[in-house]
There are 2 protein chains.
Amino acid sequence: MIPLESLPTSTPNLSSLASLLAAQLNAVNVCILEKMQSPVTLIPQIAGYLVSLGGKRLRPLLTIATAELCGYEGKRHIDLAACVEFIHTATLLHDDVVDESSLRRGKATANALWSNQASVLVGDFLFSRAFELMVADGSLDVLRILSQASSAIAEGEVMQLTSSHDLGLGQETYLKIIGAKTARLFSAATEVGAVVAEADDSQRKALSKFGHTLGIAFQLKDDVLDYAADQEKLGKAIGDDFREGQVTLPVILAYEKGADRAFWQEAFIGGIRDAGALAHAIRLLKESGALLKTKHIAQEFVEEALDCLKMFPESSLKTALQDLAYFSIHREV
Amino acid sequence: MIPLESLPTSTPNLSSLASLLAAQLNAVNVCILEKMQSPVTLIPQIAGYLVSLGGKRLRPLLTIATAELCGYEGKRHIDLAACVEFIHTATLLHDDVVDESSLRRGKATANALWSNQASVLVGDFLFSRAFELMVADGSLDVLRILSQASSAIAEGEVMQLTSSHDLGLGQETYLKIIGAKTARLFSAATEVGAVVAEADDSQRKALSKFGHTLGIAFQLKDDVLDYAADQEKLGKAIGDDFREGQVTLPVILAYEKGADRAFWQEAFIGGIRDAGALAHAIRLLKESGALLKTKHIAQEFVEEALDCLKMFPESSLKTALQDLAYFSIHREV
């Protein structure tokens with residue numbers, strides 16, 4: 001295994017990619033604000049609230065970065081990056097309804113501020129608007145990638161819904177679920193970048209895989225952070241997954257190892273998930289090595305992601321994408 | 001005004017259209033069953049339940065009928081009719097969550113049998129699958145029509161959500177809401193038929209308008225039936241709109257006329273909508289002439305719909321579409 005810890009020269013973060021692509025990201029934000037408009041005022045109100053919360057804009061950055069990495073010099077990737085963000089925002093709106101969440105990253109969710117009803121419908125609007133934008137762009141290839149990704153995301157969410165309390169889910173099935181639910185939009189975002197740049201097939205495949213492996217690494221790191229983050233830096237309470245009864249990889253691994261199975265059953269099947277239970281869960285996850293093993297698996301995906309970039313010539317953009325890969329597992333937020 | 005009552009030779013119903021197009025409708029059903037499959041078993045379970053409930057299959061029938069009315073002899077309209085039905089089914093799933101319904105046409109809704117969560121996600125899946133199917137067909141024109149229709153439907157639903165208790169909504173705004181929420185998918189269904197047949201612009205416009213006016217007529221008749229149907233024939237309880245606090249055109253017209261405004265306010269703003277209130281509402285709607293006026297407005301839309309068909313040569317298909325227009329306002333279910 002490559003000693004990933006030692007590779008980046010400085011603390012990896014998103015800023016190198018975001019500053020390299022600041023002008024493009026700004027254009028994406030302008031496009032998002034313009035295209036979420038509607039005479040039905042509740043729609044831009046809710047969509048505007050979500051935009052104002054910020055977020056990393058990771059997926060649109062990936063579309064822009066991969067297009068330009070493949071030498072694209074036009075402007076189509078701006079609107080397509082906005083499409084990707086619209087789909088992401090629509091899934092967030094529906095996710096919060098499905099998970100009955102009232103907080104996301106420490107801020108009130110749209111369903112808590114408005115209603116589940118509004119969140120469902122505004123999600124539908126943003127989703128449809130994304131397809132309108134893609135049609136205006138005119139590439140059937142892009143439409144295929146993002147419609148297939150959208151079905152796969154919904155499938156992944158349903159899979160998670162029906163198996164969220166299943167302690168015996170297993171690593172393979174779990175990776176399949178997050179591959180659909182999370183990583184699929186990452187890989188669609190990077191593949192769209194390659195398509196808009198008319199990259200050759202090997203580049204397209206490499207970038208799609210880069211997105212997929214990066215997406216898995218991000219999700220696994222999220223899973224770890226939910227039990228191990230510095231609460232102050234994270235900007236939200238830890239233990240969300242636990243309280244919601246979401247079985248994630250650290251729990252699956254700890255349960256597989258046999259560490260206090262009665263406790264895990266009581267928590268995820270019996271529903272006893274109070275503060276004391278969370279503290280015990282964190283202790284078990286640390287002592288059993290489950291958090292560390294999850295980190296190592298995430299690291300393997302990052303290594304795969306870095307491999308996918310090898311075929312591209314050195315450039316500041318490539319370095320920034322490598323930094324992003326490190327960031328996916330070394331971040332504290 | 002044409003004396004619509006006297007025109008059709010027999011009781012108008014859907015059967016002439018459905019029997020003329022029986023083979024095509026069967027092919028649509030096969031396509032729906034095939035394309036709703038997923039390794040995630042809950043998806044075909046829920047989608048299959050909705051398919052098993054039957055329904056009129058009105059929208060796919062419209063796509064098939066209009067395509068063939070324009071001389072289309074290929075097979076593309078089958079898959080596209082299935083797309084239209086998928087979008088319709090997705091909006092039904094989300095509607096029932098938004099309206100917190102547990103019954104639709106006398107049968108348990110999917111959210112009541114499974115959960116709101118499953119309904120949101122399976123709706124998302126069917127919606128995405130519709131776009132996948134359209135991409136496979138390959139017409140950007142069709143994709144444009146149905147993505148724009150989908151945004152408009154969501155806008156219409158949000159409009160209705162934010163104004164459902166508004167007694168002073170007015171006829172014009174109400175027609176705008178149902179134009180988006182209901183009629184837009186009808187007009188998209190008929191326009192797609194024209195597009196797949198490569199019909200000329202005047203035919204395409206006429207058929208789009210036929211769908212729109214027919215959709216409005218259907219919705220207004222639904223509004224009337226909800227207060228005036230023969231409960232046994234309708235196959236479900238009347239008064240659903242009233243109980244859910246949905247202000248529809250009959251109520252708007254009765255309120256405008258000034259008939260017992262205090263009662264309407266108590267019902268729709270005060271929330272007193274029990275069986276006694278429903279009985280009083282029905283009495284007021286009949287005595288004020290609001291139900292009759294709604295029927296007349298629906299009739300005007302049917303006349304517009306019939307006008308749109310004038311440019312097409314006589315054929316059994318054209319007669320069946322005319323019958324459908326009569327059926328929209330003369331049906332009892």
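Per chain, numbering begins at 1; letters A, B, ... match sequence-line order. We use all heavy atoms of the structure for the numbers below, so side chains are in, but hydrogens, waters and symmetry mates are not. On a predicted model such as this, the values are computed, not experimentally measured, just so you know.
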query = Which one, S119(B), S128(B), P39(B), leads in non-hydrogen pairs under 4.5 Å with chain A?
reply = S128(B)

ask   = Are D124(A) and R129(A) ion-paired here, with the side-chain N under 4.0 Å from a carboxylate O?
value = no

Where V195(A) and S139(A) come nearest, the two heavy atoms and their spacing = CG1-OG, 4.3 Å

request  = Among the options A154(A), S147(A), G156(A), pick out the one with the most heavy-atom pairs lying under 4.5 Å from chain B.
outcome  = S147(A)

is_close_aromatic(Y72(A), H77(A)), centroid dist under 6.0 Å = yes

message = Given heavy-atom pairs under 4.5 angstrom as the criterion, report whether the side chain, backbone, both or neither of L143(A) touches chain B.
response = both

request  = Could you tell me which of S150(B), A149(B), A152(B) has the largest number of non-hydrogen atom pairs under 4.5 Å with chain A?
outcome  = S150(B)

query = Which bit of S151(B) is near chain A, if near means a heavy-atom gap under 4.5 Å: side chain, backbone, both or neither?
reply = both

key: Under 4.5 Å from any heavy atom of chain A - which part of L140(B)   = both

task = Taking the side chain as every heavy atom from C-beta outward, state whether D99(A) and Q246(A) have any pair of such atoms under 4.5 Å apart.
result = yes

request  = With a 4.5 angstrom heavy-atom cut-off, could you sort out which part of S38(A) is near chain B: side chain, backbone, both or neither?
outcome  = both

Interface residue of largest heavy-atom contact number with chain B, from M134(A), H94(A), E157(A), under 4.5 Å = H94(A)

note = Minimal heavy-atom distance between C31(B) and D79(B), with the atoms involved, is SG-OD1, 3.4 Å

key: SB check R59(A) E85(A) (cutoff 4.0 Å)   = no

